[in-house]
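I have placed the structure first, in the form of C-alpha cells, so that the comments after it can refer back to it.
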Amino acid sequence: MAVCAKKRPPEEERRARANDREYNEKFQYASNCIKTSKYNILTFLPVNLFEQFQEVANTYFLFLLILQLIPQISSLSWFTTIVPLVLVLTITAVKDATDDYFRHKSDNQVNNRQSQVLINGILQQEQWMNVCVGDIIKLENNQFVAADLLLLSSSEPHGLCYIETAELDGETNMKVRQAIPVTSELGDISKLAKFDGEVICEPPNNKLDKFSGTLYWKENKFPLSNQNMLLRGCVLRNTEWCFGLVIFAGPDTKLMQNSGRTKFKRTSIDRLMNTLVLWIFGFLVCMGVILAIGNAIWEHEVGMRFQVYLPWDEAVDSAFFSGFLSFWSYIIILNTVVPISLYVSVEVIRLGHSYFINWDKKMFCMKKRTPAEARTTTLNEELGQVEYIFSDKTGTLTQNIMVFNKCSINGHSYGDVFDVLGHKAELGERPEPVDFSFNPLADKKFLFWDPSLLEAVKIGDPHTHEFFRLLSLCHTVMSEEKNEGELYYKAQSPDEGALVTAARNFGFVFRSRTPKTITVHEMGTAITYQLLAILDFNNIRKRMSVIVRNPEGKIRLYCKGADTILLDRLHHSTQELLNTTMDHLNEYAGEGLRTLVLAYKDLDEEYYEEWAERRLQASLAQDSREDRLASIYEEESLWYFQLLGATAIEDKLQQGVPETIALLTLANIKIWVLTGDKQETAVNIGYSCKMLTDDMTEVFIVTGHTVLEVREELRKAREKMMDSSRSVGNGFTYQDKLSSSKLTSVLEAVAGEYALVINGHSLAHALEADMELEFLETACACKAVICCRVTPLQKAQVVELVKKYKKAVTLAIGDGANDVSMIKTAHIGVGISGQEGIQAVLASDYSFSQFKFLQRLLLVHGRWSYLRMCKFLCYFFYKNFAFTMVHFWFGFFCGFSAQTVYDQYFITLYNIVYTSLPVLAMGVFDQDVPEQRSMEYPKLYEPGQLNLLFNKREFFICIAQGIYTSVLMFFIPYGVFADATRDDGTQLADYQSFAVTVATSLVIVVSVQIGLDTGYWTAINHFFIWGSLAVYFAILFAMHSNGLFDMFPNQFRFVGNAQNTLAQPTVWLTIVLTTVVCIMPVVAFRFLRLNLKPDLSDTVRYTQLVRKKQKAQHRCMRRVGRTGSRRSGYAFSHQEGFGELIMSGKNMRLSSLALSSFTTRSSSSWIESLRRKKSDSASSPSGGADKPLKG
Amino acid sequence: MAMNYNAKDEVDGGPPCAPGGTAKTRRPDNTAFKQQRLPAWQPILTAGTVLPIFFIIGLIFIPIGIGIFVTSNNIREIEIDYTGTEPSSPCNKCLSPDVTPCFCTINFTLEKSFEGNVFMYYGLSNFYQNHRRYVKSRDDSQLNGDSSALLNPSKECEPYRRNEDKPIAPCGAIANSMFNGIAWWTDKNVKFRNPPGGDNLEERFKGTTKPVNWLKPVYMLDSDPDNNGFINEDFIVWMRTAALPTFRKLYRLIERKSDLHPTLPAGRYSLNVTYNYPVHYFDGRKRMILSTISWMGGKNPFLGIAYIAVGSISFLLGVVLLVINHKYRNSSNTADITI
C-alpha cells in the first residue's frame, strides 16, 4: 500500500481550490490514505520489542537475566529465566503481528475503494487513497462518503441531499444537507469542471457538528457551515447523486480525528495483582536482605575460617561484600514467587473465557444471526463484579419499534386480546390476528388482535371513522409510492409511523401530500383535504394539530397530544366520556404503553380567516417571531375540543428486558438508564421494563433549571428518604452524620424504594464539582435512576462520577454512537450489535444483540470468570510461595550461599510444565454451581461485588499456606535426612537425594492441592493433573538418565539420582508424611468452614447433591394491571420542525410530486408557490445565510 | 492501542442482518466443550468422605510409626567424636599444626554386641559441603574421564583448577578437601571414569598435578586398579556432596562372617586415628560411627515419632470434626437457601 502522509506542522487555516491540484499541493495536505497499522516488516521486530520491554514485568525479567550472567552472583543458570521470557515475548509478538496484519488488510481495503473523481473535466474511477484535497468527486445513492466534502450540487431540488450519520453519531434518522445556492446550479460536469472556487476554512478538528469556512468564487464570498458538509463515514441516502469538493482527506477527516487511541482498560483484579506483585517484590527484598545479612555474618564467623577448604572468590574481599553479592543471588533464586508465567497464564485464562463467551449458543441471536463477542479479552473477571449498569434506552432496552397496541374510541377500549373462553389472553397464546385483506393498501406487517375494532370501522361508526381520519391527517409523515399500491411511509418518529400505519390498515390510507393538501383513501375512496395549517409539535405544547378543510368546505382542527394538556381543554359536555377515557388511559399507562389523546374542533370560516391573518403577520415579523407564533398557537387552547379517544402505542421492548432487569436487581446491581430521550418517554420505559414500579415509595423528578433549584430538589429528595428511614425507626441518630462523607452510609441504609428521574439540564448542574457528591449520594440511595435528555458527554460524566466516588465496577451498555463515550468510560463497555450503527460495538468490550444476554454475561460468564480467576490467583501464589520459600529455609543450613534446594531443571520447568496445566485447566473450566443455578439464585453474584474471593486477606491466607507448606517441605525431609542412611548403609543425606525428595513431595503436594481446589473435574482436568505428575516423573528419570549425562556431563549432574533415591522406602515414607501434613489442615479447615459457615454457593452445591433434581423455580413476569395513583402514559418521541418543512414543500421531490395521482385535479397554487420559493430562496428561513456577500 | 476505525466497519455498516452463507458459520457449535457442559465430577467435602479419611490416615499412620520406631530402636549405633578439642581427648595433641603426622588412639566400649553387617561411617559437623560455591566447584567431565577436560578443567574449579601451571586432577574445592566410603553403582560405573589410555594409571593422568591439599596423587589412592583414580570409592563418596552441614559418609563395611557370632561382640575396642584433617578452625567436629542397619536404613527416630504423632493428630481431628459435624449438622442440612 502507499505510504501515507508524514507529519506536518499544525495548520492555521485550510485553503483548497477546486480543480487545481497544483495549487493545493503547495500545502502538502494529507492524502486520503489512512493508516491504522503500527508496523511494517522492517520495523516490526525493533518496535515491537521496544514496546514489550516497556512492560515492567518484561524489563524485570530482563534485569534478572543480566544478573544471572554475572558469575559471582549467578545462583541459577541463565536458561531458567530466558526460556519463559522468550516464550512470553514470542507469543506476544505473534499476537501483535497478526493484529497488525489485519489492520494492514483493512487499511488496504478502504484505501482501494473506488470513487468517481472529476479530473480534467472527465469523471474517472480513482482509488480512495488517490483522492486529494480540492478534488471534486461524485457520490451515488447508498455510497459511503470518501472524505469530508463540501456539498456542491445534487440530484434533488435546492441542492438538498439526505445522509445517514449512523457511523458518526449513531443517529439513525436521516439528515438533510444543502448546497449553497450558487453551487447547487452546478449540475453537470462541464460546469463543475470550470468551477474554481477556493475554500478557506478551519484546520482539521474533531467537532462533528461544527464547521466554519468561506467559499471565494467569482469575486464573491459565501459563508459555509456544517449544513453544507458531507462527512466521511456518512452514507448518501434517497439522493441519486451529488457532487462534493474534498476539504479534508484521510487522517484529517472528522471521523478519523475522532477515532482516538482507545484507552487500555484494566480490571480491578489487575490492579490488585499489580499491588500484590509490588508487595511481593518488597517481601522479596526483605528476604534478600535477611539472607544477605545472614551471609555476611556467616562468612565472618564461619566462612572466613572455612577458607582452608573453600576460599572466597577473588573478587570478594570482605564478608560484607559477600553478603551484598549474596543479596542479588537470592533475588535471582527467590524471583520465582512472581514468575513471568503468572501474567501469561492470566492472559490464557481470560482468552479461554472470552472464547466461551463467543461460543455461547445461549447468547446467539437467531434473528440477527449474531453471536456474542468478547472484543476485549482482558476484562472477563470484572464481569463478575459489576455493581452499576448504565444503559441506553433506545435500541438497547427498546427495539425502537412502535406498535399500535390499543385504543379507546368514544369510551370503548379496543385492543385487548380475548381467548376463546373470553378471558384476557396472555402473550404467546394469541388467536389469529385481524384479517385486513379487504384493504388492498394495508401494510402486511401490521398486526392487530382485536377484531371488534375492524367491525366498528366496517359498520361505519362515525366516531371510529373520525378517529382514524384524525390519525391519517394529523401527522408529518411523508409517503412514497414507487408502484401503484406500494406505499412507504417516511416517518420522522416511529410513534407517528405506527399511528399512520394503523389508520392505513383500518381503511384510512394516507396516500400522498403536497404542501397544501393531503390525500387520504377513506374506505376505498380518495378524498383530498386542503391543509390549512400544521401547528407543529413541541415540548411545551406537547401536542400537534392540523387544520384542514374537507371537500365539503368545512374547516376542522385535529389535535393529538398529551393527556395532561388536552384533557384540560376539552369541552365540558363530554364529562362522562372523559372519565371512561381517563380510566382507559390509566390502564394503558399501567401497562407501560405510550398514550396520546385525540380530539377535534370545528372552526368557522371567519374565525379561521382572522386567526390565519394574525398568524401570517406574526410569521412575517422580524423580531421575536417565535414568541409571537407561540402565542398565536396558544390561542388554540381556548377552543374547547371534542374528545375522540386515545391511542396506546407500545414502545416495543427488547425481548426479556423486564425479566433481565428484575434479575439483575436481585443480584444487587443498580441500573441507571441514561437516555437522550424525553422525560416522559424515559419514565414510560422505566415503568414498562419494571425499573419503576408503583410499589415505589416515591419517584423524585429533578427538572430544575438553575443550580439552586437542582440543589433544593436533591436536598428535598434526601430529606424525604431520611425522614422515612427515621420513621421506620432503626433508632440511630443521624444528625451528627450529616457531613457529606458519612451521609452516604446513612442514605444507603434508607428504607423503602425510591427512584430518581433527572433531566439533562438539571444534570448539567448536578454534575458540577460542588454538587456532584450530593447528586451521587441521592442517586445511589435510589433503587432506580433515570437520566433523560442527556448528551453523550453527560453520559460519560455520570459514569465517571460513579467510578470516581463509588469504587464500584461499572458497566455501560448501548447501541449508538452517542453511547460511545459512556462505553469507553465505564469499566466495561457493552455494545448492542446487529443494529445499523456499529460505532458502539467498535468502542465496546463486549457485544451481543439482545439486552437480555446481559444477565447471562454477568451472572454466568462473569461470575464464573471471577471465581476462576480468584481461585487461579490464590492457588498460583500458594504454589509459588511453597516452591520458593524452601530456598529461604535452606539458606540457614548452607551458609546463606544462595544454593538452590532443587535441581536447576526443576526450577525451570516447575512453573511452565509441572504445575502450569492443572491450574490453567481449573482457571478455564472450573464451575462451582451450574449455570441454571446462578440465574435462579442471583445472590450468588454478591461475592464478586464485595470482592470476597480474592482480596488482600485472601492473598495473605494463600501466602501463609504457601509458607506453611514450604516450612514442612523443608523441615520434614531435614528431620528425616539428618542422620539417615540408605538401606544399603550408604549416605542418604546427600544434596542430590535431598533435592529429589523435596521436589517430588512438592509436586505431589501441589497436585493434591489443585485436586482439592478443582471443583469441576472434567476429563481435561483429570488429564492435566495426572498428566503433570506423570510428566514430572518421566522428565525426572530422563534428566537423571545415563544417556544425557554421557552427552553433557557438566549439565546433567544428577545422573542416576532418581532411581537410587526413589527406590528408598524412607524417601517414600517422607513424601507421604509431608503430603499428609501439608494437606490435612487444609481439608480440616475447609470442612469446618463448609459445616459452620457455608457460602451460598456451597449450600447450593450441597443441596444439589442431596436433591439431584430440584424443581426449577419459575419466574413469571406478568404484566399486572396497575392500580393506585394516576400517572400519565403520555410519551412521544417527536421533534419540532418537520411541520414547517412540509408546509414549505422543500423536502418534496419535484419528480414524485409530478407523478402523484391528484396533480391534475388539485389547484396549481402549490406548484406556483414552490416555483416562487425556488426562484427566491431568500424567502426560506435558512435562505438568509445564502445571500451572496460582497467580496 | 488500535485505532477504532477500519475498513470492515464501513462495510458492515450496511444492512443490519446480512443474510447469506457466511452468517450460518457464525452460529456457535452446540458441543459440550464450547457450551461448558462437559461431564464432570464435582466432589464436595462432606462428612461422609472427609471423616473416614482422617480416621483411615490415623489408623494407617500409627502402626507404621510404631513399626519404624521399633525398628529404629533395635538398631545399634555408636558415635565416637575424635575432633580432640577437649583437653582430655587423646587427639588433643593433633590440634597443633606442628605435629605431622599425628597419630592418636581412642578407646571405647560396646555395651551390646552388633549383629549383622556393621557399617563404619565418618561424620563431619559444621562442614558446609552444601555451600553454593563448594557444590559447583568440580568438573564432571573430567571425573567422567574426558581427556580434554582432564588437561583443561572447567572454570568452575577455580581456584583449584591449575597448580604450578599444571591442571589439577581431580580439580575443584570438593576434591581438594577430600576426607578419607561405598559408592552408588551408577556413580562408580557411569558417573566416574578414569581417563582412557594404557594400563598404567599414572600414564593416563600424565600432565596433571595432585590437588593442593592431597598427600598423594589421585592414581595412588589405592593399590587395587579397580578402586584407584577417579573410581576410588572413598573419593566418589566424598564427591557426592552432603545436603546438610552435619553429615556422615560410609567409610568401611564390616561384613558379618558367620551366623553364630555377632560381627562385633560387646567389649572394649580402640580407634586408631591418623589425624591430618583439621576442622576445629571452623568449629567442625569429626566423628566415627559404627551402626547396624534395617530395611529402612540406619537409626532414624524422627520418622517413627513423626508418623505416630501425625497419625494421632489425624485421628483426633477426625473425632473433633465428627463432634462438630454432629452438633451443627442439622443447621447445615436443613438450611434453606435464602436469596
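So you know, we letter chains A, B, ... as the sequences are listed, proteins then strands, and number each from 1. Note that the structure is predicted; figures quoted are calculated from it, not measured.
- B/Y160 approaches A/Q307 most closely through the heavy-atom pair OH-O, 4.3 Å.
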Verdict with supporting geometry, B/H131 and A/L310, side-chain contact (heavy atoms from CB on, under 4.5 Å): CA-CA 9 Å; B/H131 195 282; A/L310 184 66; 3.6 Å; yes
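- Interface residue B/P278: backbone and side-chain heavy atoms are both found under 4.5 Å from chain A.
- Using a 4.5 Å heavy-atom threshold, the side chains of B/R133 and A/Q899 count as separate.
- Of the two parts of A/N142, neither the backbone nor the side chain holds a non-hydrogen atom closer than 4.5 Å to a non-hydrogen atom of chain B.
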Test side-chain contact (heavy atoms from CB on, under 4.5 Å) applied to A/T986 and B/V237, step by step: CA-CA 9 Å; A/T986 58; B/V237 167; over 6 Å; no
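- For A/T900, no part lies under 4.5 angstrom from a heavy atom of chain B.
- Only the backbone of A/D928 comes within contact range of chain B, with at least one heavy atom under 4.5 Å from a heavy atom of that chain.
- Contacts between B/I68 and chain A at a heavy-atom distance below 4.5 Å involve the side chain alone, from C-beta outward.
- Interface remark: A/P1065 contributes side-chain atoms only to the contact with chain B (heavy atom separation under 4.5 Å).
- Heavy atoms of A/I1020 lying under 4.5 Å from chain B belong exclusively to its side chain.
- Only the side chain of B/R193 comes within contact range of chain A, with at least one heavy atom under 4.5 Å from a heavy atom of that chain.
- Looking at B/P159, only its side chain comes within 4.5 Å of chain A, counting heavy atoms on both sides.
- Ranked by heavy-atom pairs under 4.5 Å with chain A, the list B/V212, B/V310, B/L321 is led by B/L321.
- Contact check for B/L143 versus B/K191: no side-chain heavy atoms found under the 4.5 Å cut-off.
- Residue A/S74 touches chain B through its backbone alone, counting heavy-atom pairs closer than 4.5 Å.
- In this structure, no portion of B/I53 lies under 4.5 Å from any heavy atom of chain A.
- Neither the backbone nor the side chain of B/S137 comes within less than 4.5 Å of any heavy atom of chain A.
- Checking side-chain atoms of B/S294 against main-chain N and O of B/G297 turns up a donor-acceptor pair under 3.5 Å.
- Of the residues considered (B/E156, B/K136, B/K299), B/K136 shows the highest number of contacts with chain A, using heavy-atom pairs under 4.5 Å.
- Contacts of B/I64 with chain A are made by side-chain atoms alone, with heavy-atom separations under 4.5 Å and no backbone atom involved.
- The parts of A/L1069 that come within reach of chain B are both its backbone and its side chain, each placing non-hydrogen atoms under 4.5 angstrom from that chain.
- In this structure, chain B has a heavy atom under 4.5 Å from the side chain of A/M366, while its backbone stays farther away.
- The two residues B/A306 and A/L1073 come nearest to each other via the heavy atoms CB-CD2, 3.6 Å.
- Contact between B/M296 and B/N300 at its shortest, heavy atoms only, is CE-CB, 3.7 Å.
- Counting heavy-atom pairs under 4.5 Å between each of A/L1012, A/D313, A/N358 and chain B puts A/D313 at the top.
- The contact between B/L38 and chain A is made by backbone and side chain atoms together, counting heavy-atom distances below 4.5 Å.
- Between chain B and the residues A/C365, A/P930, A/S329, A/P371, the largest count of heavy-atom pairs under 4.5 Å involves A/P371.
- Residue B/L317 touches chain A through its side chain alone, counting heavy-atom pairs closer than 4.5 Å.
- For the atom pair CZ of A/F977 and CZ of B/F302, the computed distance is 11.5 Å after rounding to the nearest 0.5 Å.
- When each of A/V976, A/L1088, A/D100 is checked for heavy-atom pairs under 4.5 Å with chain B, A/V976 comes out on top.
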Criterion side-chain contact (heavy atoms from CB on, under 4.5 Å) on B/L244 and A/Y991, from CA distance to verdict: CA-CA 7 Å; B/L244 301 167; A/Y991 166 72; over 6 Å; no
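- Interface residue A/Q72: only backbone heavy atoms are found under 4.5 Å from chain B.
- For the atom pair OG (B/S72) and CD1 (B/I293), the distance works out to 12.5 Å, reported to the nearest 0.5 Å.
- Looking at A/W312, both its backbone and its side chain come within 4.5 Å of chain B, counting heavy atoms on both sides.
- With a 4.5 angstrom heavy-atom cutoff, B/V50 touches chain A only via side-chain atoms.
- Of the atoms belonging to A/F896, not a single heavy atom falls under 4.5 Å from chain B.
- Interface residue A/V1076: only side-chain heavy atoms are found under 4.5 Å from chain B.
- The two residues B/T49 and B/I44 have their closest heavy-atom pair at OG1-O, 3.7 Å.
- Heavy-atom pairs under 4.5 Å with chain A were tallied for B/V320, B/T246, B/N30; the largest tally goes to B/N30.
- In terms of non-hydrogen atom pairs under 4.5 Å with chain B, the most contact-rich of A/D1098, A/N1021, A/I972 is A/I972.
- In this structure, the portion of B/N213 lying under 4.5 Å from any heavy atom of chain A is its side chain and not its backbone.
- In this structure, chain A has no heavy atom under 4.5 Å from any part of B/K155.
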side-chain contact (heavy atoms from CB on, under 4.5 Å) assessment of B/F247 paired with A/D990: CA-CA 8 Å; B/F247 57 90; A/D990 68 290; over 6 Å; no
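- Residue contact with chain A, scored on non-hydrogen atoms closer than 4.5 Å, involves the side chain of B/F54 exclusively.
- Looking at A/Q1051, its side chain never comes within 3.5 Å of a backbone N or O of A/F1045 through a donor-acceptor pair.
- Contacts between A/P973 and chain B at a heavy-atom distance below 4.5 Å are absent for every atom of the residue.
- Contacts between B/N144 and chain A at a heavy-atom distance below 4.5 Å involve the side chain alone, from C-beta outward.
- With ring centers used as reference points, A/F925 lies under 6.0 Å from B/F33.
- A/R1086 and A/N1091 are not linked by any side-chain donor-acceptor pair at a separation below 3.5 angstrom, with hydrogens and angles left out of the test.
- In this structure, chain B has no heavy atom under 4.5 Å from any part of A/H1040.
- A/L1096 and A/K939 get closest at one heavy-atom pair: CD2-CB, 3.6 Å.
- Comparing A/F994, A/F306, A/F102, A/F890 by how many heavy-atom pairs each has under 4.5 Å with chain B, the most go to A/F306.
- Most heavy-atom pairs under 4.5 Å with chain A, from the set B/E158, B/Q129, B/Q36: that is B/Q36.
- Taking the six-membered ring for Trp, B/Y128 and B/Y134 have ring centres at least 6.0 Å apart.
- Environment of CZ in A/F893: crowded, with over 12 heavy atoms of neighbouring residues, nucleotides or ligands closer than 6.0 Å.
- In terms of modelled atom types and a separation under 3.5 Å, the side chain of B/N126 and the main chain of B/F282 share a donor-acceptor contact.
- Between B/Y251 and B/Y121, the gap from one ring centroid to the other reaches at least 6.0 Å.
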